[in-house]
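Report on the structure given below.
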Amino acid sequence: MNQQKRIAVVPGSFDPITKGHMDIIRRAQGLFDRVIVLVVINAQKQPQFSLQERVELIRSSVDNLSGVEVDSYEGLLVDYVRDVGACAIVKGLRAVSDFEYEFQMALMNKQLYDKVETVFLTTSTENQYLSSSVVKQIASFGGNIKPFVPEQVHERIASRLNPVQHKPVK
């Protein structure tokens, strides 16, 4: 019997990817047969990294995870989800304020494409405060972001966010 693979899309701007993102991706990997980490364009944000750079940073971070791939898309998320045959959109939640926005988006996505479910994964305790914005702010003042971003891409992220003050951490 040919069983259909369960595909999930983990969308985000990932500017840059953090250990919090990685936690959600790994946990989604355990729930679905195939996980697509999708870098999407958020018109409300001015990214520090280009779309291609964000895709490359994520690929470097997930290259050892089986069943996980990376893509980018400029359009409605549900159109991408439909095109790849995904059954779920996976979103990470850090706080109640995240839930309010994400719940609204989940309802809208369901209205636009009724064959997709949104799965909310609550953040791990150690990542509750973590966001790409916080990482960018710490780096801009020369702070150490090594605890917050994947080891494989730490140097690239740190040197981009603070090229003047960046010193490799031993």
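Every value quoted in this text rests on a predicted model; they were computed, and no experiment measured them.
Considering only heavy atoms from C-beta on, Thr118 stays 4.5 Å or farther from Phe103 through its side chain. Using a 4.5 Å cut-off on side-chain heavy atoms (C-beta onward), Met22 and Ile17 make contact. At least one side-chain heavy atom of Arg27 sits less than 4.5 Å from a side-chain heavy atom of Ile24. Using a 4.5 Å heavy-atom threshold, the side chains of Phe148 and Ile138 count as touching. Here the side chains of Val119 and Ile89 are not in contact, with every heavy-atom distance at 4.5 Å or above. The closest side-chain heavy-atom distance from Leu51 to Glu74 is below 4.5 Å. Counting heavy atoms from C-beta on, the side chains of Gln48 and Glu53 never come closer than 4.5 Å. Proximity of Val10 to Leu38: side-chain heavy atoms (C-beta onward) are nowhere separated by under 4.5 Å.
Taking CG from Leu161 and NZ from Lys136, the interatomic distance works out to 7.5 Å, rounded to the nearest 0.5 Å. Rounded to the nearest 0.5 angstrom, Gln104 CD and Asn109 CG are separated by 10.5 Å. For the atom pair CG (Leu77) and CE (Met108), the distance works out to 13.0 Å, reported to the nearest 0.5 Å. With rounding to the nearest 0.5 angstrom, the NE2 atom of His154 is 14.5 Å from the OG atom of Ser60. Asp83 contributes atom CG, which lies 11.0 Å from atom CG of Leu76 (distance to the nearest 0.5 angstrom). Distance check, rounded to the nearest 0.5 Å: OG1 of Thr122 to CD of Gln128 gives 8.5 Å.
With hydrophobic clusters built from ILVMFWY side chains whose heavy atoms lie under 4.5 angstrom apart, Ile58 shares a cluster with Phe32. Val116 and Leu31 fall into different hydrophobic clusters, where Ile, Leu, Val, Met, Phe, Trp and Tyr are joined by side-chain heavy atoms under 4.5 Å apart, directly or via other members. Grouping the Ile, Leu, Val, Met, Phe, Trp and Tyr side chains by contacts below 4.5 angstrom, directly or via other members, places Leu107 apart from Tyr101. Cluster annotation: Ile41 and Phe14 are assigned to the same hydrophobic cluster (Ile/Leu/Val/Met/Phe/Trp/Tyr, side-chain heavy-atom contacts under 4.5 Å, transitive). Under the 4.5 Å side-chain heavy-atom criterion for ILVMFWY residues, a single connected hydrophobic cluster contains both Leu57 and Val37.
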**OP:** Decide side chain to side chain contact (heavy atoms under 4.5 Å, CB included) for Arg94 and Ser131; before the verdict, give the C-alpha distance in whole Å, the side-chain angles of both, and the deciding distance to 0.1 Å.
**Re:** CA-CA 9 Å; Arg94 291 173 299 206; Ser131 70; 2.8 Å; yes

**OP:** Please assess Tyr80 against Val9 for the test side chain to side chain contact (heavy atoms under 4.5 Å, CB included), listing each intermediate value before the final yes or no.
**Re:** CA-CA 9 Å; Tyr80 181 89; Val9 175; 4.1 Å; yes

**OP:** Walk me through it: do Glu151 and Lys146 pass the test salt bridge (Lys or Arg N to Asp or Glu O under 4.0 Å)?
**Re:** CA-CA 7 Å; Glu151 186 177 334; Lys146 193 168 192 165; 5.7 Å; no

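The backbone N or O of Phe49 sits less than 3.5 Å from a side-chain atom of Arg54, completing a donor-acceptor pair. Judged by distance alone, with hydrogens and angles left aside, the side-chain atoms of Arg59 form a donor-acceptor pair with the main-chain N or O of Val70 at under 3.5 Å. Gln29 contributes a side-chain N or O that, together with a main-chain N or O of Ser66, makes up a donor-acceptor pair within less than 3.5 Å.
For Glu102, the side-chain contact (heavy atoms from CB on, under 4.5 Å) partners are Lys91, Leu93, Met105, Phe120, not counting sequence neighbours.
Summarising the geometry of Pro147 relative to Lys19, their closest heavy-atom pair is O-CD, 3.3 Å, with the distance given to 0.1 Å. Of all heavy-atom pairs between Val40 and Pro11, the closest is CG1-CB, 4.4 Å. Pro150 and Thr18 make their closest contact through CD-C, 4.0 Å (heavy atoms, listed as atom of the first residue, atom of the second, distance). Of all non-hydrogen atoms in Ser72 and Val55, the two that sit nearest each other are CB-CG2, 3.8 Å. Ser13 and Val39 get closest at one heavy-atom pair: O-CG1, 3.9 Å. Here the closest heavy-atom approach between residue Val84 and residue Arg34 is recorded as O-NH1, 4.5 Å.
Side chains of Asp79 and Tyr113: no donor on one and acceptor on the other come within 3.5 Å. At a cut-off of 3.5 Å, with distance as the only test, no side-chain donor of Ser132 or Asp15 sits close to an acceptor on the other residue.
More than 12 heavy-atom neighbours from other residues, nucleotides or ligands sit within 6.0 angstrom of CD on Glu126. Within a 6.0 Å radius of OH in Tyr129, other residues, nucleotides and ligands contribute more than 12 heavy atoms.
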